[in-house]
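Taking it in order: structure first as structure tokens, then the write-up.
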Number of protein chains: 2
Amino acid sequence: MEKNHTLLDDTDFAILSCLQKDGRMSFTEIADQLNVSVGTARTRLNRLLEEGVISIVGRVDPEKVGFRAYAHIAIYIRPATLKEPVAQEISSKPEVSFLASTSGDYDLEVDVMCQSNNHLVEFVNEISTIEGVYQTKTTLYFKVYKYAQPDLNLLK
Amino acid sequence: MEKNHTLLDDTDFAILSCLQKDGRMSFTEIADQLNVSVGTARTRLNRLLEEGVISIVGRVDPEKVGFRAYAHIAIYIRPATLKEPVAQEISSKPEVSFLASTSGDYDLEVDVMCQSNNHLVEFVNEISTIEGVYQTKTTLYFKVYKYAQPDLNLLK
DNA sequence: TTGTAACTCTGCATATTTTGCAGAAAAAGG
DNA sequence: CCTTTTTCTGCAAAATATGCAGAGTTACAA
């Protein structure tokens, strides 16, 4: 029998919500807030983690940790058939924090964190040598106003 | 005497690195991996959290949780003096997961998560009515290849 | 060099949390 | 109505976190 892997109930959402606020919140505290037993909180959370609905990660502040060049690179691919291999190649680079294909003018959009402008220039050069990369356009992020989790209340 | 809030040593980096892999790793396990006492691991990590060098958050998978429209909106502001108030206004919206000003053609770049294309259209309309928002350009993220933390080894 | 003040680290006892498990309750399916 | 499966609960044992006091370290000035 197939198990349902997609439907989340109110308890699940409440757990996710707790963890968005504090990823280290204990099972005990989650259980208290939701008025369920510790075992329930644990089972639910472990399932959510296992299914990849949520992942709990330490997110460093790029500035404070020493990344002085946070930038966005838009990439044109020609011929278009090379998109997948190029995406794989770029995905493997440690500087890359985000990579997606879009509906826009460019084929791939990348966010990168580099130590310095020099490092960023080197990285863009590196990208440019990948077969299929036809053109790139780099934009620096000057000031980050918000970096948050989506509000789950929007889904109710 | 001012306290140093910026310099991180190897132990700090090692702790950050552990937490990038698993945000719920216990003090005990971190201490074991670094060959320091539990107290040290705890003191260090608490300081890093307090100073905002790292924050531990549950990151939900937008798809799995019900956000079917993940998009990017580039925004032109006229007159330019309205940039700050517009940024504040946009920042307060729950759909917004990322907001930054850039060196590029547009003044602000926003990432948003919406339940549906309808919801996204409504959101863009909402943004367009803000005073100072002159033009917007929306791009859908089709496929996300990578969503990761920056590799701290780059800083060594 | 020596002394002092400010941190940081360690280890231990206590409090809290997690884990594993077995049985109760609830839901699903004949 | 009775199985079967799943989920929940509570308990005891194991693991972990916390508070604290004392031992090192470091920085700095006399």
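Counting to the nearest Å, the C1' atom of D:dC8 and the CG atom of A:N35 are 14 Å from each other. The distance between atom CZ of B:R44 and atom C1' of D:dA17, rounded to the nearest whole Å, is 19 Å. For the pair A:R47 CZ and D:dC8 C1', the interatomic distance rounds to 13 Å; values are reported in whole Å. Nucleotide D:dT7 holds its P atom 13 Å from the CG atom of A:L8, rounded to whole Å. When the C1' atom of D:dT16 is taken as reference, atom CG of B:D22 falls 15 Å away, rounded to whole Å. Whole-Å rounding puts the B:I30 CD1 to D:dA17 P distance at 8 Å. Taking atom CG of B:D9 as the reference point, atom P of D:dT26 lies 12 Å away to the nearest angstrom. Residue A:D12 contributes atom CG, which lies 17 Å from atom P of D:dT6 at whole-angstrom precision.
The ring pair (Phe, Tyr, Trp, His ring centres under 6.0 Å) check on A:Y106 picks up A:Y76, with sequence neighbours excluded. When the side-chain contact (heavy atoms from CB on, under 4.5 Å) test is applied to A:N35, no partner is found at least two apart in sequence or on another chain.
By the 6.0 Å contact criterion, CG on A:N153 is enclosed, its count of non-hydrogen atoms from other residues, nucleotides or ligands being greater than 12. More than 12 non-hydrogen atoms from other residues, nucleotides or ligands lie less than 6.0 angstrom from CG of A:D9.
A close approach under 4.0 Å does occur between a side-chain nitrogen or oxygen of B:T40 and OP1 or OP2 of C:dT10.
Defined by atom type and a distance below 3.5 Å, a donor-acceptor pair is present between the side-chain atoms of A:Y141 and A:D111.
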Look for any protein N or O under 3.5 Å of an N or O in nucleotides 13-18 of chain C and output each such pair with its distance, or none.
from   : atom 1 : to    : atom 2 : distance (Å)
C:dT18 : OP1    : A:F27 : N      : 3.0
C:dT18 : OP2    : A:F27 : N      : 3.2
C:dT18 : OP2    : A:T28 : N      : 2.9
C:dT18 : OP2    : A:T28 : OG1    : 2.7

Take A:D105 and B:K137 through the salt bridge (Lys or Arg N to Asp or Glu O under 4.0 Å) test and state the conclusion after the steps. CA-CA 11 Å; A:D105 297 335; B:K137 181 173 150 191; 3.1 Å; yes
